[in-house]
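Contents: one structure, followed by commentary.
Predicted model, so just to flag it, every value in this text is computed and none were measured. Chain letters run A, B, ... following the sequence lines, proteins first, then strands; residues in each count from 1.
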Amino acid sequence: MELSLTTRTVGEHTVLDVGGEVDVYTAPRLRERLVELVDGGSRHVVVDLARVDFLDSTGLGVLVGALKRLRAASGTFGLVCAKEPLLKIFRITALDQVFPIYPSIEAATSTSSGDNPPTA
Amino acid sequence: MATVRLSFSPAPVHVRTARLVGVAVARRAGVAEELLDEVRLAIGEACTRAVALHNQYRIPDLVMVEMSDSDSYMVRVIDRAPIEASIGLTKLPPDELADESLTDEALTTGVGFALLAGFVDDLQVRPVDEGAGTEVRMVWPVGRR
């Protein structure tokens, strides 16, 4: 399934809904969109992975890149993921210790931005 | 024993094709349904690694994927990059994953290897028998048919 990217605003958060397959071929488009969001002034970004069918190391690298970019801009970055196969990927790579991962958009956007303090 | 062999130009767009074929052959071979997501991910990671190496070293040769089943389902992904390129296969500790100094390439390589090692119980990375290149060999059990 092709990659789909849709952006919406929930409170002070910019939510990027991602669908389809995120792999070595499609990940550059995800990277471009995330860079656009940060360059466009978004500082609290949530990526919703609910409709992602496939996520590989390239996609994970793009997400880490966005996390670093937002930290450098004193922003926050979170993921919404409740699918066990994807959660297993985060656990195996230890990236569950790097990203704030929420079970729902509500949980991700109801937290104060200060809950995910920038490290810069 | 049945064998399916697929070769593709080292371009990212073809990795998905390799995944689809790899899972289709795995299903046909009798790999358990609950393992197919892992098969798909592991074949994708091995092919992504091969494509990245061919691009890094400007090697136009095809990446080869061979799938065979007998007592188990075996997938071999073969690249033609210099063997020293494989030394970069190391799993990164959590505190280094978001380190500012870590390049995107190093991160993706480390995470890719973590996924391979995490999802494939029977994994070997070794030099090809002839010429330059490495073979990533992955084996999964098959059910009785």
Please state whether the side chain, the backbone, both or neither of B:V13 comes within less than 4.5 Å of a heavy atom of chain A. both

When the 4.5 angstrom heavy-atom criterion is applied to B:R19 and chain A, the contacting part is side chain

Who wins among A:L60, A:T58, A:I89 for the most heavy-atom pairs under 4.5 Å with chain B? A:I89

Those residues that, when tested against B:E38, pass salt bridge (charged side-chain N to carboxylate O under 4.0 Å, His left out) (two or more places apart): A:K88

Holding to salt bridge (charged side-chain N to carboxylate O under 4.0 Å, His left out), I want the full list of residues that pass it with B:R80, two or more places apart in sequence or in another chain. none

If you draw a 6.0 Å radius around CG in B:D122, do more than 12 non-hydrogen atoms from other residues or ligands fall strictly inside? yes

Count the heavy atoms of every other residue, nucleotide or ligand shown that sit under 6.0 Å from CZ of B:R5, and state whether that count exceeds 12. no

Provide the closest heavy-atom pair for A:S57 versus B:V111 in the form atom of the first, atom of the second, distance. CB-CG1, 3.8 Å

Nearest non-hydrogen partners of B:T108 and A:G61, listed with the distance: OG1-CA, 4.2 Å

Evaluate the side-chain proximity of B:D37 to A:F54: yes if any heavy-atom separation is below 4.5 Å, no if none is. no

Going hydrophobic residue to hydrophobic residue with side-chain gaps under 4.5 angstrom, can you get from [X] over to [Y]?
{"X": "B:I43", "Y": "B:L62", "value": "no"}
{"X": "B:V39", "Y": "B:M74", "value": "no"}
{"X": "B:F113", "Y": "B:V139", "value": "no"}
{"X": "B:Y73", "Y": "B:V4", "value": "yes"}
{"X": "A:L5", "Y": "A:V62", "value": "yes"}

Given a strict heavy-atom distance threshold of 4.5 Å, which part of A:R31 is in contact with chain B: side chain, backbone, both, or neither? side chain

Could you tell me which portion of A:L55 (side chain, backbone, both or neither) has an atom closer than 4.5 angstrom to a non-hydrogen atom of chain B? backbone

Besides B:M64, the hydrophobic cluster formed by Ile, Leu, Val, Met, Phe, Trp and Tyr side chains linked at under 4.5 Å, directly or via other members, contains B:I78, B:V128

Quick one: pull up CG in A:D56 and CZ in B:R40 and give me the separation to the nearest 0.5 Å. 10.5 Å

If you measure from CZ on B:R16 to OH on A:Y25, what distance do you get to the nearest 0.5 Å? 10.5 Å

Top contributor to chain A interface from B:L115, B:V15, B:T48 [non-hydrogen pairs under 4.5 Å]: B:L115

Ordered numerically, the heavy-atom neighbours of chain B under 4.5 Å found in residues 32-42 of chain A are none

